[in-house]
Amino acid sequence: MEVVEIRILIEGKTYEAAGAAEAEKLLKQRGAFAIMAGGQPRDLSFISQARADGEVEGLTFGSKEGRDIYRHSTAHILAHAVRELFPDARFAIGPAIEDGFYYDFDVPAPFTPEDLDAIEKRMLEIIKRDSPFVRREMKRGEALEMFGRMGETYKTELLESMQDDTVSIYEEGGFTDLCRGPHVPSAGAIKAVKLLSVAGAYWRGDEKRKMLQRIYGTAFSSASELKKHLERLEEIKKRDHRKLGRELDLFSMNEEVGPGLILWHPNGAIIRKTIEDFWREEHLKAGYKLLYSPHMARLDLWKTSGHWDFYRENMYSPMKVEEVEYEIKPMNCPFHIAVYKSGLKSYRELPVRYAELGTVYRFERSGVLHGLMRVRGFTQDDAHIFAREDQIGEEIKNILDFTLFILNTFGFEDYDIYLSTRPEKYVGTEESWELATGALKAALEHKGLKYEVDPGEGVFYGPKIDIKVKDSLGRAWQCSTIQVDFNNPERFDVTYRGEDGRQQRPIMIHRALMGSLERFFGILIEHYAGAFPLWLTPVQVEVLTIAERHIDFARQVADNLRREGIRVEENFDNEKIGYKIRQSAVRKVPYSVIIGDKEVEERGTALSIRKRNGQSFGPFTLSALIDLLKEEIKTRR
RNA sequence: GCCCAUGUAGCUCAGUCGGCAGAGCACAUCCUUGGUAAGGAUGAGGUCACCGGUUCGAUCCCGGUCAUGGGCUCCA
């Protein structure tokens with residue numbers, strides 16, 4: 001028998017193996033637990049079918065495919081453990097997800113935290129037993145019969161919805177599950193596992209169907225990596241904007257006010273004001289006009305805009321005012337259109353750019369509310385641009401530049417960008433869709449930005465670009481959206497007088513950069529872990545005294561800083577300096593100035609500042625200190 | 001909206017197998033005047049989320065409501 005030479009690629013390195021057995025050994029040695037052959041992920045044992053001319057890639061935990069297989073196998077081990085501990089359980093699905101996996105079960109009683117511990121323990125036992133995952137293929141009908149016999153109604157439902165003739169099942173230590181695979185060779189391949197939480201989840205995500213019990217967990221290729229991941233989860237918890245919001249006294253919510261409605265406390269409000277001032281200033285520079293519009297309008301307006309037909313489930317019930325129905329606004333666009341229409345527009349005036357920090361109210365189901373991230377009343381940094389068709393390309397480019405500039409200023413440098421194209425149901429002509437989509441694409445490419453196309457995910461009224469910012473922990477948050485709209489100009493009969501003297505229809509662009517101020521604030525809190533850069537932070541400098549006799553001079557220093565527009569607070573309390581420094585640090589104040597005998601003697605010619613990280617700088621004269629602070633505020637760093 | 005968990009002082013949390021409610025931090029007053037991340041003492045602070053039921057008696061047990069959290073679904 002001829003020995004086949006197999007070329008193997010593992011994490012970028014190439015190896016040669018004589019025969020399948022040697023190849024398998026080599027793969028295992030290098031940490032591979034599955035392979036990619038002919039563009040298909042396969043079980044490691046599939047190596048026996050490898051050809052001499054075919055290169056196979058070994059999949060390790062280092063690749064996304066490898067991780068997914070690894071965690072998917074862990075999900076099966078979870079199901080196996082549940083089978084052993086809860087014989088009545090029926091099994092739904094158990095995929096790998098970002099950072100872990102889950103498995104959905106139908107059990108007579110929900111799992112308790114103690115159950116979770118017991119299940120995790122059992123999983124470790126199963127891993128220790130190290131039984132192989134064995135793949136078997138069978139006819140779909142045969143599988144249907146088998147799972148039917150087992151009473152696995154969810155599996156049979158899955159099988160019924162499948163198209164393939166042949167399906168695969170995996171057997172591991174006596175536990176059989178329907179699965180496409182591939183899997184790790186044996187349960188022992190799993191090195192570190194942790195179950196994280198239980199939650200209800202509808203079968204197939206459909207709220208009309210049964211609620212199942214979902215167990216979330218994660219798995220890593222070593223205990224130390226798992227530990228690192230758990231530490232990251234701790235870090236995320238520490239940065240939670242709801243926790244920091246309370247600790248730093250930024251905002252609150254209140255049962256008496258109502259869920260999803262935000263109270264901005266002084267510390268949060270000053271940050272918001274700073275953001276708003278920056279936003280307005282830059283919009284004026286960028287050629288926008290600022291607007292204000294009311295919080296409610298006649299219901300008819302929302303009928304004209306189409307919101308009452310398409311968006312009603314997110315709108316509050318109308319209220320009657322002198323027999324006429326009014327509606328609290330879920331969107332700003334109809335008002336901006338009304339402003340546009342208040343006078344005749346010439347093609348020379350276009351593009352018209354209207355911007356507003358417009359507060360809207362949307363009904364959100366109680367279960368989805370979440371701190372500042374998901375609320376019922378929020379302020380959009382909204383703008384509507386009315387442009388001629390020939391201006392769209394340039395305009396989109398401008399918006400994109402502007403968006404990235406604004407996001408950058410808040411310390412966001414990484415983005416995930418999505419371009420959503422024409423859905424099945426749409427308004428406007430195919431040509432205008434093509435033109436607009438082309439303009440969006442061209443703008444992205446012009447900027448050299450990487451993006452993903454979401455085919456058919458556009459809104460019915462036009463294509464859009466969505467931008468998700470990546471925060472300092474690498475988490476992606478949806479903020480900016482740029483949407484072309486062919487619909488509203490039509491509905492509201494928006495026109496301009498063309499060069500030829502005839503009425504023309506402008507194209508509208510909706511865009512929000514930060515999305516909502518509430519959510520953006522929440523993201524900022526987590527991004528900076530509450531330690532805001534100087535220009536944003538509520539208290540920029542704290543003046544601390546060593547002893548009572550230093551108060552007079554310390555007050556002079558504070559007054560001087562305050563007169564220069566710097567946000568100063570005084571801490572002249574009867575406490576030791578170590579304690580006051582700790583207080584400043586806990587409040588995350590960027591700079592402290594400490595005034596003692598030395599500083600008083602030198603009459604402010606030798607002040608030093610202590611940063612919140614503990615480092616000291618100086619000495620400075622008072623005016624040099626002021627210049628330094630002002631420069632840092634000005635550059636927004 | 002649905003499943004599960006939680007709701008005790010401003011905050012973080014103990015606690016009562018049903019019998020006058022507890023700590024730390026924060027706050028107030030006093031002592032201490034101290035040089036770079038917590039000095040000491042004293043004190044004030046509670047309708048134990050809300051409504052109802054069981055009980056001689058409910059913060060505790062039961063039912064309901066509201067809110068919060070983890071998810072499902074949806075989204076800025």
Side-chain angles (χ1 to χ4, degrees), chain A residues 102 104 107 109-113 115-116 196-216 237 240 242-243 246-247 249 252-260 311 313-314 330-332 358 360 362-382 466-468 477-481 483 510-523 544-551 572-587 592-599 608-616:
Chain A
Y102 66 78
D104 285 346
V107 276
F111 294 117
T112 64
D115 291 339
L116 220 59
L196 297 169
S197 61
V198 199
Y202 299 106
W203 169 231
R204 298 203 141 174
D206 182 347
E207 62 188 274
K208 289 187 199 72
R209 311 197 62 172
K210 187 157 189 192
M211 182 151 284
L212 308 175
Q213 291 296 310
R214 174 172 298 178
I215 296 180
Y216 284 94
K237 235 189 203 161
D240 191 313
R242 293 165 299 188
K243 183 172 135 79
R246 205 172 26 245
E247 286 171 4
D249 201 11
S252 67
M253 281 170 287
N254 178 324
E255 199 170 330
E256 287 173 45
V257 173
Y311 202 69
E313 59 179 31
N314 283 293
M331 302 267 182
N332 299 304
V360 297
R362 299 183 185 172
F363 171 72
E364 298 286 357
R365 306 201 301 178
S366 57
V368 306
L369 299 173
H370 179 94
L372 292 171
M373 303 302 188
R374 195 71 184 278
V375 295
R376 285 183 174 158
F378 59 97
T379 301
Q380 290 182 304
D381 68 319
D382 211 355
D466 287 327
I467 300 176
K468 291 186 178 180
W477 303 93
Q478 160 91 54
C479 290
S480 317
T481 180
Q483 309 182 348
H510 308 243
R511 47 110 281 200
L513 312 183
M514 300 182 277
S516 106
L517 286 177
E518 282 73 8
R519 165 183 281 183
F520 195 71
F521 186 37
I523 296 167
L544 315 179
T545 46
I546 302 279
E548 229 167 313
R549 63 179 176 280
H550 308 125
I551 289 179
F572 304 159
D573 286 358
N574 179 11
E575 288 291 350
K576 287 193 174 174
I577 191 64
Y579 183 71
K580 292 190 207 180
I581 283 167
R582 177 181 155 74
Q583 281 183 312
S584 300
V586 167
R587 290 181 202 135
S592 305
V593 177
I594 295 159
I595 305 295
D597 286 338
K598 208 175 81 193
E599 285 74 16
S608 60
I609 48 176
R610 185 188 201 280
K611 282 192 96 154
R612 64 187 149 203
N613 65 13
Q615 280 179 299
S616 280

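Numbered from 1 within each chain, the chains take letters A, B, ... in sequence-line order. Below, all heavy atoms of this structure are taken into account, side chains as well, without hydrogens, waters or symmetry copies.
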Once you apply a heavy-atom cut-off of 4.0 Å, does [X] come out as touching a base, just sugar-phosphate, or nothing?
{"X": "A/Gly205", "answer": "sugar-phosphate"}
{"X": "A/Ile581", "answer": "base"}
{"X": "A/Gly371", "answer": "sugar-phosphate"}

For [N] and [M], measure between their [atom1] atoms and round to the nearest Å.
{"N": "B/U59", "M": "B/A14", "atom1": "C1'", "answer": "14 Å"}
{"N": "B/A9", "M": "B/A26", "atom1": "C1'", "answer": "11 Å"}
{"N": "B/G45", "M": "B/G52", "atom1": "C1'", "answer": "30 Å"}
{"N": "B/A44", "M": "B/G22", "atom1": "P", "answer": "13 Å"}
{"N": "B/A5", "M": "B/C61", "atom1": "P", "answer": "13 Å"}

Quick one: is [X] getting a side-chain N or O under 4.0 Å of the [N] phosphate, OP1 or OP2?
{"X": "A/His370", "N": "B/G70", "value": "yes"}
{"X": "A/Ser366", "N": "B/G1", "value": "yes"}
{"X": "A/Tyr579", "N": "B/G40", "value": "no"}
{"X": "A/Arg246", "N": "B/U12", "value": "yes"}
{"X": "A/Arg214", "N": "B/U73", "value": "no"}
{"X": "A/Arg365", "N": "B/C72", "value": "no"}

Legend entry - Face-to-face contact A/Tyr216 to B/G71 six-ring, under 5.5 Å, under 30°: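 No; by the centre-distance and plane-angle rule, A/Tyr216 does not count as stacking on B/G71.
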Legend entry - Upstream residue (5' side of RNA chain B) when A/Phe363 and A/Arg242 are each assigned their closest nucleotide: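 By nearest-heavy-atom nucleotide position, the 5'-most residue is A/Phe363.
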Inset, instruction - For A/Asp240 and for A/Ala585, locate the closest nucleotide of RNA chain B by heavy-atom distance; then report the residue assigned to the nucleotide nearer the 5' terminus. - result: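 Its nearest nucleotide being more 5', the pick is A/Ala585.
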Inset, instruction - Would you give the length of the straight line joining atom CD of A/Glu518 to atom CZ of A/Arg376, rounded to the nearest 0.5 angstrom? - result: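 If we round to the nearest 0.5 Å, A/Glu518:CD and A/Arg376:CZ are 14.5 Å apart.
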